[in-house]
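One-based numbering along the sequence shown.
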Amino acid sequence: MKGVAAAAGLDRLLVELINLRVSQLNACAYCLDLHTRAALRAGETAQRLGVLAAWRDTELFDARERAALALAEATTHPADAGAQSVAYAGARAALTDAEISAVIWVAITMNAFNRVSVMSKHPVRKNPGTPAR
């Protein structure tokens with residue numbers, strides 16, 4: 001998906017925000033750990049990661065990111081047709097057709113990984129070099 005997303009114009013930070021938001025919705029600890037570290041490596045800030053679950057209530061995300069996050073959420077919760085329509089309309093205003101397609105595929109892929117990880121009970125292990133608390 002990295003190559004597809006990049007070819008469509010989605011930068012690494014936006015892909016990681018999508019991965020994280022979908023993983024938050026699915027309560028996948030393993031993927032949250034993995035993609036938080038990936039987002040930080042890609043240059044994301046701790047502040048934005050800390051408020052990602054409440055992204056609608058902040059001014060920290062631009063229109064393009066907000067559209068992608070709303071579309072990813074609608075993809076994660078497909079039973080809410082109203083939210084899907086609103087999210088898709090918002091995405092049409094802020095993203096290209098290729099970006100919309102990539103956001104949907106990133107979200108679908110992350111949802112699949114979340115489900116496998118949650119059902120398999122992948123453990124979150126302490127990272128080497130992390131100080132003891």
Query - Inter-residue atom distance Arg64.CZ - Glu99.CD, 0.5 Å rounding - result: 4.0 Å

**Report entry** Leu10 side, atom CG; Glu16 side, atom CD - distance, nearest 0.5 Å
**Finding:** 11.5 Å

**Report entry** Check: Val22 main-chain N/O paired with Asn26 side-chain donor or acceptor under 3.5 Å
**Finding:** yes

Report summary line: On a heavy-atom basis, the closest approach of Ala102 and Ala5 is CB-CA, 4.1 Å

**Report entry** Heavy-atom closest pair, residues Glu65 and Leu60
**Finding:** OE1-O, 4.2 Å

Query raised in the report: Are Leu34 and Leu49 connected, step by step, through hydrophobic side chains (Ile, Leu, Val, Met, Phe, Trp, Tyr) whose heavy atoms are closer than 4.5 Å?
Result: no

Query raised in the report: Got a second to check how far His35's NE2 is from Arg41's CZ, nearest 0.5 Å?
Result: 10.0 Å

Query raised in the report: Which heavy-atom pair separates Leu40 from Thr45 by the least distance, and what is that distance?
Result: CD2-C, 4.5 Å

Requested in this report: Give a yes or no on whether the backbone of Asp97 and the side-chain of Ser101 come within a donor-acceptor separation of less than 3.5 Å.
Outcome: no

Query - Under 3.5 Å donor-acceptor, Ser120 side chain and Ser117 backbone - result: no

Query raised in the report: Is there a path of hydrophobic side-chain contacts, each under 4.5 Å between heavy atoms of I, L, V, M, F, W or Y residues, that connects Phe113 with Leu14?
Result: yes

Query raised in the report: Is the shortest distance from a Lys or Arg side-chain nitrogen in Arg56 or Glu73 to a carboxylate oxygen in the other one below 4.0 Å?
Result: yes

**Report entry** Pair Asp62 + Arg66, salt bridge at N-O below 4.0 Å
**Finding:** no

**Report entry** side-chain contact (heavy atoms from CB on, under 4.5 Å) between Arg37 and Asn127, worked out
**Finding:** CA-CA 10 Å; Arg37 288 184 281 117; Asn127 294 325; 3.0 Å; yes

Requested in this report: Ignoring hydrogens and angles, tell me if any N or O in the side chain of Ser85 forms a donor-acceptor pair with the backbone of Ala81 under 3.5 Å.
Outcome: yes

Report task. For residues Thr36 and Glu44, determine if any side-chain heavy atom of one lies less than 4.5 Å from a side-chain heavy atom of the other. Result -> no

**Report entry** Trp55, CH2 atom: more than 12 neighbouring heavy atoms under 6.0 Å
**Finding:** yes

Report summary line: All heavy atoms of Leu17 vs all of Leu52, minimum pair found to be O-CD2, 3.8 Å

Query raised in the report: Going hydrophobic residue to hydrophobic residue with side-chain gaps under 4.5 angstrom, can you get from Ile100 over to Ile108?
Result: yes

Query raised in the report: Atom SG of Cys31 and atom CE of Met110: how far apart are they, to the nearest 0.5 Å?
Result: 3.5 Å

Requested in this report: Could you grab the distance from atom CG of Leu32 to atom CG of Asn114, nearest 0.5 Å is fine?
Outcome: 7.5 Å

Report task. Would you check if Gln84 and Tyr88 make a side-chain contact, meaning some heavy-atom pair closer than 4.5 Å? Result -> no

Report task. Please round to the nearest 0.5 Å and tell me the distance separating atom CD1 of Ile18 and atom CG of Leu69. Result -> 6.5 Å

Query raised in the report: Does Leu13 share a hydrophobic cluster with Leu95, counting links as ILVMFWY side-chain heavy atoms below 4.5 Å and allowing steps through other members?
Result: no

Requested in this report: Would you indicate whether the side-chain heavy atoms of Tyr30 and Val118 approach each other to under 4.5 Å?
Outcome: no

Query raised in the report: Is it the case that one hydrophobic cluster holds both Val4 and Val15, taking links as side-chain heavy atoms less than 4.5 Å apart, direct or via other members?
Result: yes

Query - For Ala94 against Ala67, the heavy-atom pair lying closest together - result: CB-CB, 3.7 Å

